[in-house]
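All of these numbers come straight from a predicted model, not from anything done at the bench. We name chains A, B, ... by the order of the sequence lines, and we start the count at 1 in each one.
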Amino acid sequence: MAKFVSVEEAVALIPDGASIMFGGFMGCGSAHKFIDALSKSGKKDLTVISNDASMPGGPLGEEFYGIAKLVHNRQIKKLIATHVGLNPEVATQSMQEGTLEVVLIPQGSMAEMIRAGGSGLGGVLTPTGVGTIVEDNPYCLGKQTINGREYLLIAPLRADFAVIAGYKIDKAGNVWYKGNTSNFNIVMATAADTVIAEAEVVVEIGEIAPEDVRTPGVFVDYVVEGGKYNG
Amino acid sequence: MAKFVSVEEAVALIPDGASIMFGGFMGCGSAHKFIDALSKSGKKDLTVISNDASMPGGPLGEEFYGIAKLVHNRQIKKLIATHVGLNPEVATQSMQEGTLEVVLIPQGSMAEMIRAGGSGLGGVLTPTGVGTIVEDNPYCLGKQTINGREYLLIAPLRADFAVIAGYKIDKAGNVWYKGNTSNFNIVMATAADTVIAEAEVVVEIGEIAPEDVRTPGVFVDYVVEGGKYNG
Amino acid sequence: MDRSEIKSFIAKRVAKELKDGDVVNLGIGLPTLVPNYLPEDVHIILQSENGIIGTDTVTEENKDPVHVVDAGGSPSAIAPGGAFIDSSVSFGMIRGGHVDATVLGGLEVDEEGSLANWIIPGKRMPGMGGAMDLLVGAKNVIVAMEHTAKGNPKILKKCRLPYTAVKCITIIVTEMGVIKVTDQGLVLTEYNPEFTIEEIQAATEATLIISPDLKPMV
Amino acid sequence: MDRSEIKSFIAKRVAKELKDGDVVNLGIGLPTLVPNYLPEDVHIILQSENGIIGTDTVTEENKDPVHVVDAGGSPSAIAPGGAFIDSSVSFGMIRGGHVDATVLGGLEVDEEGSLANWIIPGKRMPGMGGAMDLLVGAKNVIVAMEHTAKGNPKILKKCRLPYTAVKCITIIVTEMGVIKVTDQGLVLTEYNPEFTIEEIQAATEATLIISPDLKPMV
């Protein structure tokens with residue numbers, strides 16, 4: 001059952017070298033307060049699974065937005081992502097300095113790999129990436145022909161931690177996402193040993209109708225109250 | 001885009017011999033008005049994909065509930081389901097009379113097969129059914145060992161039609177499900193050539209928040225207004 | 001003990017296997033009695049595989065049989081803090097190891113911890129429903145059943161009926177004892193003092209390993 | 001035509017490929033101009049692969065850059081009747097053939113209808129994002145691009161850059177013409193009368209099959 005903790009307590013759960021999934025798409029739907037605290041914590045050698053590396057300039061004038069803070073502070077050893085082009089520091093650290101390992105995965109495959117990791121499936125059979133260098137990806141386990149069409153078999157993906165962000169989270173840990181912030185948060189909440197969810201607003205049980213819960217509280221281990229995000 | 005039609009117009013879309021997915025779990029979340037009209041239509045030789053065959057006695061005193069009406073009228077030639085034990089007419093027609101072919105599939109596998117069919121995946125790799133007679137199922141394409149664990153490769157499932165039922169459907173075809181009526185409706189809406197959705201209540205655009213839409217209107221071809229269901 | 005007492009006795013013992021906060025899926029029949037025997041400080045979350053996390057007792061006020069049913073198709077209800085989910089999410093949750101325990105009955109179990117409870121060929125056509133997924137996915141699989149059927153052992157060397165799932169059982173609780181499934185075989189860890197060890201073994205086709213820590217069942 | 005006119009010209013022709021009610025995903029750059037050229041009676045639904053079905057123009061009133069962004073990370077908005085979905089549903093929709101068309105640019109395309117547009121090895125590290133899924137899943141893949149890059153052909157016999165997807169393109173629209181991908185190869189179906197067929201072929205490395213129904217581009 002979800003335990004409500006301070007952001008400092010939540011960050012203290014993360015050891016150096018941990019693998020962490022971060023929800024969010026270019027910072028939209030990321031756990032900004034947690035990430036900010038983590039970026040100041042000195043935790044290092046992280047393996048990060050995230051759609052992207054966000055970007056330096058945020059929409060509210062932030063110098064670094066979302067996990068771009070962790071990139072900038074060189075806390076990430078390995079980044080598994082679908083797109084890193086809007087954060088030039090990734091290319092610097094990976095291609096020039098060689099201090100950051102980057103594995104690129106198609107976005108739809110990444111969503112399915114995480115879903116498979118969280119739902120006990122053995123892998124993903126997707127037509128995406130057939131005939132491309134994705135076939136040489138470390139997560140690509142082979143190619144199979146089913147009913148005359150070729151598919152790549154891609155491995156499930158799990159992590160030690162998932163750090164997700166919801167708009168409303170109730171006292172039972174049920175999460176409701178605003179706008180299109182749900183993106184990777186929903187699948188990531190199912191695919192990690194420990195799930196930390198940051199709320200903009202903590203609400204009473206009943207304020208999210210049971211039909212409108214998008215991440216059930218049983219998936220959430222810790223809730224951090226982040227407050228309404230305003231940069 | 002979703003077109004609003006009468007239940008008669010919707011039933012007229014179905015040819016004899018069509019394959020139809022019906023959402024619902026023991027009649028909960030089934031398109032009762034559509035099914036009632038279909039049961040009186042004389043359409044025959046249907047292949048039906050449904051969690052179950054529902055049951056004779058409904059919760060509001062119905063003599064036959066949900067697709068039990070189609071079973072009773074012998075309109076189904078083949079039934080792909082997870083559980084048929086609560087409708088004794090299935091055993092009669094399949095085991096005694098041999099007029100109904102039944103294929104049984106584990107419930108979680110069926111949900112994933114339909115999801116795979118609707119989302120362009122080549123199959124499902126599930127540990128469910130390993131070592132059981134499910135391995136002899138016509139949808140089981142083989143057994144694979146991935147990271148030391150055995151999985152069955154199960155084929156995706158699609159149909160000519162999906163007939164789903166929502167509580168609220170807005171004028172753009174967006175669906176909101178009440179209680180646990182969403183069950184198979186959500187995946188089925190993605191996995192058929194033509195999707196017919198029955199609403200208990202048709203609402204204006206905006207009455208379902210974009211975040212709370214569970215089946216987006218772009219998946220729905222036809223909407224039937226069924227009215228609040230009261231037996 | 002009459003059959004009703006036997007069922008209560010088994011359910012009471014199964015209740016001790018559940019921890020506060022556990023997400024639990026209960027099969028039909030005997031397993032549904034288990035929550036009655038939980039200590040006051042143990043609160044579990046009942047999952048219904050057709051899409052309810054946190055079922056509640058049905059009352060005249062919350063009853064909505066058209067929109068909320070349990071896995072047997074009977075009216076159900078949702079507890080405060082619960083959530084409704086669709087079938088693909090529900091079975092993702094089950095297969096993905098997010099259900100702490102499933103409690104269910106068995107027709108036959110065997111030395112490998114395999115279970116047969118879904119079909120008697122030629123006799124019935126029920127279907128496996130969600131049972132195969134639950135057995136494969138739940139962290140703990142607790143079989144709660146009478147030790148014998150009409151005097152015949154149900155705990156066999158090898159199941160004769162078609163399997164529901166192989167090598168899936170964590171623990172078997174009967175009116176005669178508690179049996180843990182281990183790599184070595186079936187280990188009797190607790191016994192009902194109404195029976196001797198010999199009587200328990202005699203009612204069991206599989207060979208029971210007697211735990212060095214064997215205790216009476218309470 | 002200057003480059004801005006070229007882009008408008010291409011976008012205008014691409015707009016004719018879209019039908020009323022189509023669900024369309026637009027890549028960055030040129031493709032975003034396409035909706036400006038739709039006839040009044042053609043309404044399309046724009047999908048953003050990071051979870052919006054039915055994007056709308058951002059205004060001061062609807063702007064919420066913290067919670068609603070497009071696939072480039074810029075502020076977006078949702079149109080009436082739209083829906084927000086998560087990434088697994090969004091890419092299920094894309095791979096499952098529920099997107100009628102995707103319009104995107106290309107670095108190179110080839111005779112087999114393959115496309116390279118995501119990486120120049122050693123030069124940049126962008127990532128494929130959702131492009132590979134869109135190319136494989138969308139019913140129609142429309143490449144909208146300038147015919148050449150600095151005078152060099154972009155329509156090749158075989159892509160030299162790493163593929164984004166193979167055998168995926170439906171149609172290629174450039175300022176010189178409209179090229180359909182068929183089993184026989186690349187068929188020029190329309191030409192811009194500012195150019196001769198010889199000039200178009202000269203700017204194209206791949207061999208163009210001239211359609212018997214060749215028409216001027218309008």
Side-chain angles (χ1 to χ4, degrees), chain B residues 23 25-29 32 51-55 58-60 65-66 81-86 88 90-92 94-95 102 104-112 114-115 126-134 167 177-188 200 214-215 228-231, chain C residues 48-53 55 62-78 82-96 112 114-116 118-119 121-137 159 162-168:
Chain B
F25 186 100
M26 294 305 299
C28 173
H32 292 289
N51 177 71
D52 51 69
S54 193
M55 53 194 171
L60 305 178
Y65 193 47
T82 82
H83 195 281
V84 294
L86 297 179
V90 173
T92 306
S94 64
M95 296 176 76
V102 177
L104 293 170
I105 294 175
Q107 202 168 130
S109 301
M110 186 186 257
E112 283 299 308
I114 297 169
R115 183 177 180 278
T126 177
T128 303
V130 168
T132 75
I133 58 177
V134 170
Y167 185 72
Y177 301 95
K178 187 174 182 180
N180 62 341
T181 61
S182 64
N183 50 62
F184 279 85
N185 286 299
I186 289 180
V187 287
M188 286 178 173
E200 286 193 54
R214 299 305 301 276
T215 292
K228 291 211 183 185
Y229 183 73
N230 46 27
Chain C
S48 187
E49 66 265 30
N50 57 321
I52 311 176
I53 300 177
T55 63
N62 67 19
K63 194 176 171 183
D64 181 3
V66 171
H67 302 108
V68 186
V69 304
D70 65 20
S74 298
S76 186
I78 191 157
F84 291 119
I85 54 179
D86 77 291
S87 299
S88 78
V89 171
S90 179
F91 281 92
M93 178 175 172
I94 288 167
R95 260 191 332 264
E112 290 198 306
S114 299
L115 174 72
W118 77 279
I119 196 169
K123 244 190 149 173
R124 313 189 292 168
M125 175 170 269
M128 66 290 280
M132 289 188 176
D133 296 283
L134 280 159
L135 289 169
V136 163
C159 290
Y163 291 123
T164 311
V166 297
K167 299 177 188 168
C168 59

Return the [atom1] to [atom2] distance between [X] and [Y], rounded to the nearest 0.5 Å.
X: C:S90; Y: B:Q107; atom1: OG; atom2: CD; answer: 7.5 Å
X: C:F91; Y: B:T126; atom1: CZ; atom2: OG1; answer: 10.5 Å
X: B:M188; Y: C:D86; atom1: CE; atom2: CG; answer: 11.5 Å
X: C:I53; Y: B:N180; atom1: CD1; atom2: CG; answer: 11.0 Å
X: C:M132; Y: B:T128; atom1: CE; atom2: OG1; answer: 9.0 Å

If I measure from the heavy atoms of chain C, does [X] come under 4.5 Å with its side chain, its backbone, both, or neither?
X: B:V134; answer: side chain
X: B:S54; answer: neither
X: B:M55; answer: side chain
X: B:Y65; answer: side chain

Taking every heavy-atom pair that is under 4.5 Å apart, which of [options] has the most such pairs with chain C?
options: B:P59, B:G85, B:P106, B:A111; answer: B:P106
options: B:H32, B:R115, B:E112; answer: B:E112
options: B:N230, B:I105, B:I114; answer: B:I105

Please enumerate all residues that pass side-chain contact (heavy atoms from CB on, under 4.5 Å) together with B:L60, with sequence neighbours excluded. B:E62, B:Y229, C:P65, C:V66
[X] to [Y] - nearest heavy-atom pair and separation:
X: C:D133; Y: B:G108; result: OD2-N, 2.8 Å
X: C:V166; Y: B:G131; result: CG1-O, 3.9 Å
X: B:G179; Y: C:V68; result: CA-CG2, 3.9 Å
X: C:R95; Y: B:P127; result: CD-CD, 4.1 Å

Flag side-chain contact, heavy atom, 4.5 Å: B:T132 against C:M128: no
Side chain, backbone, both or neither of C:L134 within contact of chain B (heavy atoms, under 4.5 Å): neither
Against chain B, label C:N50 side chain, backbone, both or neither, depending on which of its atoms sit under 4.5 Å from a heavy atom there. both
Side chain to side chain contact (heavy atoms under 4.5 Å, CB included), that's the test. Do C:W118 and B:L104 meet it? Break it down for me. CA-CA 11 Å; C:W118 77 279; B:L104 293 170; 4.0 Å; yes
C:T164: side-chain hydrogen bond (donor to acceptor under 3.5 Å, both in side chains) partners, not counting sequence neighbours: C:N117
